Amino acid sequence: MDHAEENEILAASQRYCVERPIFSHLVLQERLHKKDKVSDSVGDKLKQAFTCTPKKIRNIIYMFLPITKWLPAYKFKEYVLGDLVSGISTGVLQLPQGLAFAMLAAVPPVFGLYSSFYPVIMYCFLGTSRHISIGPFAVISLMIGGVAVRLVPDDIVIPGGVNATNGTEARDALRVKVAMSVTLLSGIIQFCLGVCRFGFVAIYLTEPLVRGFTTAAAVHVFTSMLKYLFGVKTKRYSGIFSVVYSTVAVLQNVKNLNVCSLGVGLMVFGLLLGGKEFNERFKEKLPAPIPLEFFAVVMGTGISAGFNLQESYNVDVVGTLPLGLLPPANPDTSLFHLVYVDAIAIAIVGFSVTISMAKTLANKHGYQVDGNQELIALGLCNSIGSLFQTFSISCSLSRSLVQEGTGGKTQLAGCLASLMILLVILATGFLFESLPQTIWLTTFVSSLFLGLDYGLITAVIIALLTVIYRTQTGVSPALIMGARRKAMKKYAKEVGNANMANATVVKMDAEVDGEEATKPEEDNEVKYPPIVIKSTFPEEVQRFMPPGDNIHTIILDFTQVNFIDSVGVKTLAGIVKEYGDVGIYVYLAGCSAQVVNDLTQNRFFENPALKELLFHSIHDAVLGSQLREALAEQEASALPPQEDSEPNATPEA
């Protein structure tokens with residue numbers, strides 16, 4: 001037997017035992033060596049707050065410009081190859097997704113390219129995640145499209161529209177204006193939430209909720225893309241049951257389907273499915289996933305241009321992609337009152353998707369992300385980007401997995417991807433003008449019968465109601481007292497003496513209200529009612545009580561509570577009293593010094609006996625509860641037996 005095996009056996013046989021008293025708050029305070037704390041004066045605190053030191057300036061810069069922290073530590077030889085491969089792979093995927101998600105947002109495709117460039121560059125400087133891919137996202141794009149179509153429907157009458165082409169261009173221009181307004185407002189909301197340190201709002205959008213939302217949104221994407229697959233002309237629907245209306249409209253016009261458009265779409269769809277299986281099967285041998293979307297775009301564009309599908313077979317194509325960047329323009333703020341609800345939903349969903357993916361990848365690679373800074377980064381990307389005609393962006397789940405899975409180490413990979421998009425915008429955009437719109441099925445990513453905004457609100461409400469319902473069906477003092485009253489009445493009915501029942505119930509009420517405990521004493525000492533009132537509930541009545549757990553103590557874990565205000569103290573005092581009235585103790589475990597100080601300042605310990613409810617840890621509270629019950633049973637067994645006397649008993653002659 002070697003030394004390693006001996007050490008393993010020795011380690012397995014060792015035991016670690018700790019013997020100490022049960023640390024209630026009072027016992028622990030007696031053993032602590034307190035150090036007098038000298039608080040700084042207001043002047044010293046102000047001086048410290050406004051003192052400008054190099055370290056403080058550096059921390060502020062690191063906080064608001066995270067790139068200044070990781071870029072100087074960039075390991076060129078170790079990171080550059082991974083970032084280069086990752087940037088190219090992500091850019092190749094970002095091109096077709098940018099074009100496709102612009103269609104979901106109900107704006108011309110070129111605006112999807114703008115949204116794939118400006119925000120990515122800004123996030124590289126402002127974001128704390130090193131691996132997520134920022135840009136257009138299917139769910140956010142579809143929510144933007146819902147607002148644009150609601151305010152600017154397909155059948156809108158535009159003054160001065162002399163023909164169909166001019167009318168379509170004018171309609172698209174109005175939708176771009178709506179999209180820019182929503183983007184600016186959602187960015188302002190995100191920025192304000194970040195500055196106010198509201199990064200915690202993401203906890204109300206749980207992972208099952210977000211997954212259900214994004215999965216159901218895939219149905220909306222699919223139904224909204226059916227008309228491009230079949231090559232039929234239908235109006236775009238938004239709002240409640242839009243998925244049903246869109247599907248019915250396509251089915252009603254299926255007799256006018258374009259066979260060529262359907263053929264191209266099915267061919268590309270088959271390529272994507274087959275390539276996905278290939279990537280999955282050989283992912284261990286491939287240095288990087290094959291960019292199927294890019295090949296689908298190249299193949300679709302080549303076939304469309306080679307056979308002139310638009311002219312010969314009336315296949316809808318992307319159309320003109322103007323070269324160059326547009327000058328900045330001011331979004332129309334007069335639309336804010338029409339889109340503020342949608343902007344709030346877009347801001348929260350965009351942040352929730354971003355922070356969930358950012359935390360997942362950060363935990364995998366051993367670094368931390370700041371939720372508040374992510375809000376600020378997204379807010380600036382959206383608000384400043386809206387000046388350059390971008391629509392709301394977020395983290396793309398598929399692109400983020402590609403960027404991380406192909407070896408990306410930093411956001412320089414995202415910068416490289418955005419530079420590839422810039423190349424398309426400035427020079428090669430015309431090559432993709434013949435791309436058939438039925439390629440939009442590559443965006444099959446994103447709420448069922450309700451529109452996305454209503455679906456999100458409904459999901460959040462259901463989640464909150466579920467939490468409330470579960471918390472309200474715990475041990476309720478009112479239910480316990482009600483059950484005792486019913487049991488007493490049933491017992492009285494059985495013995496045939498209603499007067500006895502009423503007398504007993506009145507006695508119970510008097511004990512619960514603490515009337516006996518608060519009788520004036522002759523001395524001047526202040527007498528407080530007992531914390532927990534042990535009701536003299538007759539044992540013969542117990543059989544009328546509904547079956548349930550014999551709960552005598554509730555332990556609240558306060559280890560994660562940083563502070564408690566006056567409202568919280570008042571609520572906590574009410575909880576202690578309500579459960580004490582029905583004979584249940586409420587212990588507080590793991591209270592920090594700040595929490596104890598808050599409780600003291602808000603007169604929670606006006607009755608000094610309440611300090612006995614505080615314990616150092618949950619384990620101490622459990623042991624203290626067990627010891628208390630054991631002592632109570634011991635005292636009860638030591639009392640001499642008393643003869644029971646019934647009010648309805650007839651005295652013997």
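Everything quoted here is computed from the prediction, not taken from an experiment. Note: hydrogens, waters and symmetry copies are ignored here, and every other heavy atom, side chains too, is used.
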Quick one: does Gln190's side chain have a donor or acceptor within less than 3.5 Å of a partner on Ala347's backbone?
yes
**OP:** Take Asn382 and Ile346 through the test side chain to side chain contact (heavy atoms under 4.5 Å, CB included) and record every step on the way to the result.
**Re:** CA-CA 11 Å; Asn382 280 325; Ile346 290 170; over 6 Å; no
Evaluation steps, side-chain hydrogen bond (donor to acceptor under 3.5 Å, both in side chains), between Ser86 and Asp83 = CA-CA 5 Å; Ser86 175; Asp83 283 342; 5.7 Å; no
Would you say CZ of Arg603 has more than 12 non-hydrogen atoms from neighbouring residues, nucleotides or ligands within 6.0 angstrom? no
CG of Leu185 to OH of Tyr340, rounded to nearest 0.5 Å, is 10.5 Å
To the nearest 0.5 Å, atom OG1 of Thr360 lies from atom CD1 of Ile355 at 9.5 Å
Distance col, row Asp370:CG vs Ser129:OG, nearest 0.5 angstrom, shows 12.0 Å
Separation between CD (Glu612) and CG (Asn607), nearest 0.5 Å, reads 9.0 Å
Distance col, row Asn59:CG vs Lys69:NZ, nearest 0.5 angstrom, shows 8.0 Å
### Query
Are any side-chain N or O atoms of Ser186 and backbone N or O atoms of Val182, one a donor and one an acceptor, separated by less than 3.5 Å?
yes
Residues Arg130 and Gln403: closest non-hydrogen pair is O-NE2, 4.2 Å
Looking only at heavy atoms, the pair that brings Cys395 and Val353 closest together is O-CG1, 3.6 Å
Check: Are side-chain heavy atoms of Ser394 and Ile134 found at a separation under 4.5 Å?
Finding: no
Worksheet item: Are the side chains of Lys364 and Glu404 in touch, meaning some heavy atoms are under 4.5 Å apart?
Response: yes
Is there a side chain to side chain contact (heavy atoms under 4.5 Å, CB included) between Ile393 and Ile140? Walk through the geometry before answering.
CA-CA 7 Å; Ile393 53 88; Ile140 303 298; over 6 Å; no
Does any N or O in the side chain of Asp620 come within less than 3.5 Å of the main-chain N or O of Phe23, such that one atom is a donor and the other an acceptor? yes
Within the 4.5 Å heavy-atom criterion, are Val561 and Cys591 side-chain neighbours or not? no
Exercise. If we only count heavy atoms from C-beta on, is the His552 to Arg628 side-chain gap below 4.5 Å?
Worked result: yes
Value for CD1 (Ile189) from CD1 (Ile344), rounded to nearest 0.5 Å, stands at 5.0 Å
**Prompt:** Can you check whether Tyr123 reaches Glu374 side chain to side chain, under 4.5 Å on heavy atoms?
**Reply:** yes
*side chain to side chain contact (heavy atoms under 4.5 Å, CB included) between Val576 and Tyr579: does it pass, once the steps are laid out?*
CA-CA 6 Å; Val576 172; Tyr579 282 99; over 6 Å; no
Just wondering, are more than 12 heavy atoms of other shown residues or ligands nearer than 6.0 Å to NE2 in His619?
-> no
Minimal heavy-atom distance between Ala589 and Ile555, with the atoms involved, is CB-CG2, 4.0 Å
When every non-hydrogen atom of Ser133 is compared with those of Ser400, the smallest separation belongs to N-OG, 2.9 Å
**Item:** Tyr79 and Tyr74 aromatic ring geometry - parallel, tilted or perpendicular at 30°/60° bounds
**Value:** perpendicular
Heavy-atom closest pair (Ser386 atom, Thr183 atom, distance to 0.1 Å) is CB-CG2, 3.9 Å
Heavy-atom side-chain proximity of Ser625 to Tyr587 below 4.5 angstrom: yes
Between Tyr367 and Thr128, the two heavy atoms sitting closest are CE1-O, 3.8 Å
- Checking Ser356 side chain against Ser352 main chain: does a donor-acceptor pair fall under 3.5 Å? yes
More than 12 heavy atoms of other residues, nucleotides or ligands under 6.0 Å from CZ of Phe125: yes or no? no
### Query
Is there side-chain contact between Asn602 and Ile564, with at least one heavy-atom pair below 4.5 Å?
no
Gln411 and Trp70: side chain to side chain contact (heavy atoms under 4.5 Å, CB included), yes or no, with the steps? CA-CA 10 Å; Gln411 279 299 330; Trp70 60 261; 4.1 Å; yes
task = Would you check if Ile132 and Val369 make a side-chain contact, meaning some heavy-atom pair closer than 4.5 Å?
result = no
